[in-house]
Amino acid sequence: MTEWWRDAVFYQVYPRSFADGDGDGQGDLAGLTARLDAIAALGVDALWLTPFYPSPMVDGGYDVADYTDVDPRYGDLAAFDRLLAAAHAAGLRVTIDLVPNHCSSEHRWFRDAIEAAPGSPERARFLVRDGRGPGGAQPPTNWGSVFSGASWTRFPDGQWYYHLFDPTQPDFNWANPEVAEEFERILRFWLDRGVDGFRIDVSDALIKDFDAGDTPGGHPVIPKGASSPLHEHYRAFRRVMDDYDGDRMAVLETGAPAEEVALLVRPDEMHLAFDLALTKARWTAPALHEAIEEGLAVARLSGAPATWVIENHDLPRAVTRYGADVELSGEYVPETEHEDAGGPDLEQGTRRARAAAVLLCSLPGAVYLFQGQELGLPEVEDLPDDVREDPVFHRSGGTTRGRDGCRVPLPWEGSEAPYGFGPEGSAPWLPQPEVFAGLRRELQERDPGSMLALYRELLTTRKAHTVLREGTLEWLAAHEVPGGSAGDVLAFRLRGAEESAVVVVNTGPDVVPVAPGYLVSSSVPRAALAGGLPRDAAVVVVEPTSDQENQ
Ligand code: NOJ
C-alpha cells in the first residue's frame, strides 16, 4: 500500500503514563510493549510516541539531552527495538517525536556552549547574542517565552541565549549548517532502526528574526511565507526520508494559519500537519464548521490530506472541555474558566465527546487519538500543586494549572489505584482519581455502551467505508437534507466513488430529523433515535444507492 498515512488513524502514546512495566511509577517501553494488544484491538493503524529520549524531564521529555538514546526510566535501545518489532508484528506502524527547535540544557552541545567563549563554534549552535544597555545587562529583545517570563537567559559570562520555552530548553541556531547536519544524522539513526515516521515539534518556529527587535506584547518574530529558509530544511528532511523504502512520513505540529501550513506540506516537504483548530473549537455548529474548514483549506491548497485532532497531551481532555463549555484561552494555557459555575458537567461533556468521536472518525484524511480519549477520561483538575510537574504551572507562578491533568496514568483494570497501570502497590507518578475506577479499560471492554466500544465501532466502520476516509466533503444546508446545517446543526455529505454518506451533528437542545439512509454510526443507542437526533448527538448514514444514481 502506498501513502498509507493519507487516511490513517494514529494513536498517541505518552509513554510515561501508558503502562509501567517495572513498578517505579513511571510508564516505560516494556509496559507499552506488553499492552500493545489493546491498541491493536482498537483498530488504529499507527502509534505516535511522545519523547522517550534521555531528558531531565523539565518539560515532559520535550527537553532532550540525547536524541539517539532512550531515557533509562523508559528502558534502553534494545527495549525500543523490541517495541518496534512487536508493533510491526501486530500491524501497527510506529512514529516518534522529533524536537528540532530546542534541546535540553543538559545536551552535550549546550554544556559545551556554556564552557566555550563568546564567538566560538560551540556557541554558534545556539541563538546567542550580546545584551543591550550598559554591560549588556538588558536582553537582546523584549520577547517573552511561551511558558511565561522572558525568552532570554544569561550565560555566566554575560552573553544571552534564546529559549522559546523554558530556560532549560535552549533553541538551536538553524542558520548554522551543523544543526541541519546533526538532525539529518538523527533522522537516519531512527529510520535505520525502522521507524515509520515522525511528529515534528514546534515545526513552524525554527527560524527567528531578532533584527525585528522589540515587539508590542513581546511576541517573537518568526519569518513566514514561501521564502523562509524553513522550507529548505523540510526539503532536506524529505530527501532523507525518501532515501528509505516503506513510505516513511512526518506530521507537523503547527498552529499557523492554513496558507502557511499549506506551504509546509507541499509534495517535496512534509506529509501531514495537525489541524489544531478542532481542539479549541467550542461545541457549536459554527465553531466546528470553521475549525473543519481550516483543515480542509490546507488540503485544498496543498493536496495533502487534512489531519484531525481533538485531544493531545497539551490540552484539557475533551470530556471536561465540552462539559465546561468554555473557549480555550490559547496554546499551552489550558485554563477552563468554569469554577464559578460549579465545575464542568461531565455528563454533558461525555455526550458531546461521543458525538465528537463520531464526527472525528468520519472526516476525510488522517486522524490522531490521544491515549485515554478512547476511554472518555476527564481532565484531572484537582491534582495537588506539589505533584504538578508542568513548567506552564510553575513558570506562571501557579496561576495557570498547566497540562498535567491530561497526562495522568491510564486505568487498565482493578478497582483500586494504580488500576493495572503498574504492579499492585506501585504509586503512579501522578495520582489517579477515583473516577478512573469506573472508566478502566477492562470494564469498558465488556460494556457495549462504553466510549471504548464506540471508538472500536467507529474505527471498524471507517475501515469498511472508504468514503469516510477519502470522500469529498460538501456542507449541507437545512433544505438539502433533513437535519441539514442550520443554527445548532452541522451537516455534510461525503462523496466517494462507490457510495456517499451524510454526517449530522446536533449541538443544540432540539431534536432534529435523522437524514435518510442506512445508519452506520451513532453516538447514542439506536433506540434513542426513534424520535430523531437528540441534543449533543451525531450520526452517519450511508445514502441509498438509488439516491446517488439520481445525482
Ligand atoms: C509542543 C509539545 O507538544 C509540548 O508538550 C511542548 O511543551 C512544546 N512543544 C515544547 O517542546
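Sequence positions, counted from 1, serve as the residue numbers for this chain. As the structure lists them, so they are numbered: ligands from 1, and atoms in each ligand from 1. Just the heavy atoms: all of them, side chains too, but no hydrogens, waters or symmetry mates, feed the values below. From a predicted model like this one, the values you see are computed outputs, not experimental measurements.
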Ligand 1 atoms in contact with R403 (distance to a heavy atom under 4.0 Å): 4 (C), 5 (O), 6 (C), 7 (O)
Enumerated ligand 1 atoms positioned under 4.0 Å from heavy atoms of D201: 1 (C), 2 (C), 3 (O), 8 (C), 9 (N), 10 (C), 11 (O)
Which of the ligand 1 atoms, numbered from 1, are nearer than 4.0 Å to a heavy atom of H102: 10 (C), 11 (O)
Matching residue for I310 among L360, L276, L315 - test: side chain to side chain contact (heavy atoms under 4.5 Å, CB included): L360
T141 and D214: side chain donor to acceptor below 3.5 Å: no
Pair F126 + Y162: ring centers closer than 6.0 Å: no
Under 4.0 Å to a heavy atom of F165 - the qualifying atoms of ligand 1, by number: 8 (C), 10 (C)
Name the atoms and distances for all side-chain donor-acceptor pairs under 3.5 Å in residues 42-51, with sequence neighbours left out.
{"from": "D45", "atom 1": "OD2", "to": "V9", "atom 2": "N", "distance (Å)": "2.7"}
{"from": "W48", "atom 1": "NE1", "to": "D97", "atom 2": "OD2", "distance (Å)": "2.9"}
{"from": "T50", "atom 1": "OG1", "to": "V13", "atom 2": "O", "distance (Å)": "3.2"}

Proximity of F147 to ligand 1 by residue part, where a heavy atom lies under 4.0 Å: side chain
Per-atom contacts, ligand 1 versus R199 - under 4.0 Å to a heavy atom: 1 (C), 2 (C), 3 (O)
Contact check, R407 vs ligand 1, heavy-atom distance below 4.0 Å: yes
N173 CG to L206 CG distance, which is reported to the nearest 0.5 Å: 11.0 Å
contact_flag V99 ligand 1 heavy-atom lt 4.0 Å: no
Under the side chain to side chain contact (heavy atoms under 4.5 Å, CB included) test, residues paired with P384 that sit two or more places apart: D386, V387, P431
Distance flag, aromatic centroids of H219 and W143, threshold under 6.0 Å: no
Those atoms of ligand 1 less than 4.0 Å from some heavy atom in V202: 9 (N)
Short N or O distance, Q169 and ligand 1, threshold 3.5 Å exclusive: no
